[in-house]
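First comes the structure, then the notes that go with it.
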Amino acid sequence: MAEAPRLDVPGAVTAPGASAPSHTDAPFTPGPRPPAAAPGATDRPAARGADAATGPATTPDRVSGGRARAGVRVVPAWLWGVPPVVVLALVFLYPLALVVQQSLTPENGGGAFDAYASVFASHGFREALGTTVWLAVGATVGCLVLGFALALVIAFVPFPGAKGVAKFIDVFLSFPSFLITLALLFIYGTVGMANGVWSDLTGAADGPFHFLATPWGVLLAEITYFTPFVMRPLLAAFSQLDTAQLEVASSLGARPARIVRRVILPEALPALAAGGSLVLVMCLNEFGIVLFTGAKDVTTLPMLVYGKAILESDYSAACVVAVVNIAISVGLFGLYRVVSKRAGA
């Protein structure tokens with residue numbers, strides 16, 4: 001039987017019975033030599049060939065995203081922060097600098113700190129500072145107690161409309177403070193509803209409710225207005241509380257008061273601290289509530305600034321009180337930021 005030709009070398013046919021020629025015996029035929037590459041362009045033809053097969057050639061412009069194109073300049077990143085800094089300086093820092101400058105340059109002459117010494121030595125400033133502090137602390141404590149109790153009821157006591165009440169609290173935060181004061185005046189004012197009902201029932205010419213013009217009326221108005229500012233972070237904290245802990249504590253026989261004290265309160269402490277710090281800062285600077293209650297004997301630091309600047313035209317003393325109020329507010333705001341950061345708010 002005849003053997004088929006074998007193909008051992010590409011392009012070479014071996015006859016049957018003949019041995020295949022080795023590679024060393026194959027004749028050498030010189031082929032065309034590739035052109036010499038230019039100096040510095042060693043791998044460029046291969047790279048361009050690969051780019052031609054896969055897509056457009058890769059150039060430095062495409063690698064850098066077009067940043068190296070002629071006529072295009074890259075704006076430094078820090079330059080974008082200049083406009084907001086300029087606006088902040090003109091709108092906020094410049095007026096603040098004017099207040100500080102006015103407090104250091106008395107109109108009647110004298111040293112730079114003479115106005116500070118005069119204001120600090122006055123009885124009106126010390127009384128206003130004490131009134132501001134005790135009203136702010138008292139309102140903060142009242143808001144914490146009342147806000148915690150109301151938040152407990154809304155979060156853990158099922159009743160119709162609980163979600164609506166929680167949403168109303170968010171809307172309440174946008175109300176102006178004088179609106180709440182006007183509502184209290186309609187109820188407990190000298191000619192308010194409570195005094196009118198008392199006069200109708202007893203026949204007296206005047207009712208007994210006159211406390212709104214006292215520090216206790218201002219305290220009531222501030223607690224009424226600022227309590228939702230404590231309830232909002234509390235409700236957010238209660239929504240993340242694991243209800244399984246409450247069920248386990250209840251199954252073990254713990255009473256509701258013990259569950260609140262041992263389970264709920266520890267989880268609510270960060271939210272209470274954040275809300276209380278915010279209320280303390282806001283009460284310290286409250287002006288509208290004191291003004292609209294008509295409490296003439298209640299003088300806080302913002303009211304003292306108003307009296308010195310508008311009524312007495314003593315701008316140096318007003319600026320001194322304003323600087324003190326700003327310093328206290330900034331310090332308390334720093335405390336609020338630290339507490340809220342630790343609380344995760």
Side-chain angles (χ1 to χ4, degrees), residues 127-128 130-155 157 159-235 272 275-276 278-307 310:
E127 184 179 0
T131 303
T132 303
V133 171
W134 89 259
L135 278 177
V137 173
T140 301
V141 173
C143 290
L144 290 176
V145 174
L146 182 60
F148 183 72
L150 294 178
L152 279 177
V153 174
I154 296 175
V157 178
F159 65 92
K163 293 184 179 180
V165 174
K167 292 181 180 180
F168 175 75
I169 292 174
D170 295 337
V171 178
F172 187 89
L173 298 179
S174 63
F175 289 173
S177 59
F178 67 86
L179 183 63
I180 306 302
T181 309
L182 286 177
L184 292 176
L185 286 174
F186 285 140
I187 299 175
Y188 300 109
T190 304
V191 292
M193 296 172 55
N195 286 326
V197 173
W198 179 271
S199 299
D200 294 339
L201 294 177
T202 61
D206 195 8
F209 302 102
H210 301 284
F211 64 90
L212 280 183
T214 65
W216 299 105
V218 176
L219 185 64
L220 174 63
E222 290 186 350
I223 292 175
T224 304
Y225 178 69
F226 290 113
T227 295
F229 289 87
V230 175
M231 296 176 62
R232 186 66 189 88
L234 280 175
L235 291 176
L272 279 172
L278 178 61
V279 169
L280 185 62
V281 174
M282 298 178 70
C283 289
L284 188 70
N285 300 301
E286 182 54 42
F287 176 77
I289 289 179
V290 183
L291 183 65
F292 273 80
T293 53
K296 298 180 180 180
D297 297 333
V298 179
T299 303
T300 59
L301 289 180
M303 289 295 297
L304 186 61
V305 173
Y306 174 79
I310 304 301

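Fair warning: this is a prediction, and the values are worked out from it, not measured in the lab. The chain is numbered in sequence order, starting from 1.
- More than 12 heavy-atom neighbours from other residues, nucleotides or ligands sit within 6.0 angstrom of CH2 on Trp134.
- Using a 4.5 Å heavy-atom cutoff, the side chains of Phe159 and Val153 are in contact.
- By the neighbour-count criterion of 12 heavy atoms within 6.0 Å, atom CZ of Phe186 is sparsely surrounded, having that number or fewer from other residues, nucleotides or ligands.
- Residues Leu135 and Pro215 share a closest heavy-atom pair of CD2-O, 3.8 Å.
- Remark: side-chain polar atoms of Asn285 are not paired, donor with acceptor, to backbone N or O of Pro302 under 3.5 angstrom.
- To the nearest 0.5 Å, atoms CG (Asp297) and CD (Glu127) are separated by 9.0 Å.
- For Tyr225 (side chain) and Phe175 (main-chain N/O), a donor-acceptor pair under 3.5 Å exists by modelled atom type.
- The two residues Ala139 and Glu222 make their nearest non-hydrogen contact at CB-OE1, 3.5 Å.
- Closest approach of Leu234 and Ala151 over heavy atoms only: CB-CB, 3.9 Å.
- One distance of note links CD1 of Ile180 with CZ of Phe172; it measures 3.5 Å at 0.5 Å rounding.
- The two residues Leu144 and Leu272 have their closest heavy-atom pair at CD2-O, 3.5 Å.
- Within a 6.0 Å radius of OH in Tyr188, other residues, nucleotides and ligands contribute 12 heavy atoms or fewer.
- Taking OG1 of Thr132 as the start and CD of Glu286 as the end, the distance is 11.5 Å to the nearest 0.5 Å.
- Nearest approach of Gly142 to Ile223, heavy atoms of both residues: CA-CD1, 3.9 Å.
- Counting only heavy atoms from C-beta outward, the side chains of Ile289 and Phe226 approach each other to under 4.5 Å.
- With contacts defined as side-chain heavy-atom distances shorter than 4.5 Å, the pair Phe211/Leu220 qualifies.
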Residue pair Leu182, Phe292: steps toward the side-chain contact (heavy atoms from CB on, under 4.5 Å) verdict: CA-CA 7 Å; Leu182 286 177; Phe292 273 80; 4.1 Å; yes
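- Inter-residue side-chain proximity for Leu150 and Ile169 is flagged as unmet; no heavy-atom pair is nearer than 4.5 Å.
- By the 4.5 Å heavy-atom criterion applied to side chains, Phe229 and Cys143 are not counted as neighbours.
- The main-chain N or O of Gly288 is never found under 3.5 Å from a side-chain atom of Ser177 such that the two would form a donor-acceptor pair.
- Of all heavy-atom pairs spanning Ala166 and Ile154, the tightest one is CB-CG2, 4.3 Å.
- Contact check for Leu185 versus Thr293: no side-chain heavy atoms found under the 4.5 Å cut-off.
- Within 6.0 Å of CG on Asp200 lie more than 12 heavy atoms contributed by other residues, nucleotides or ligands.
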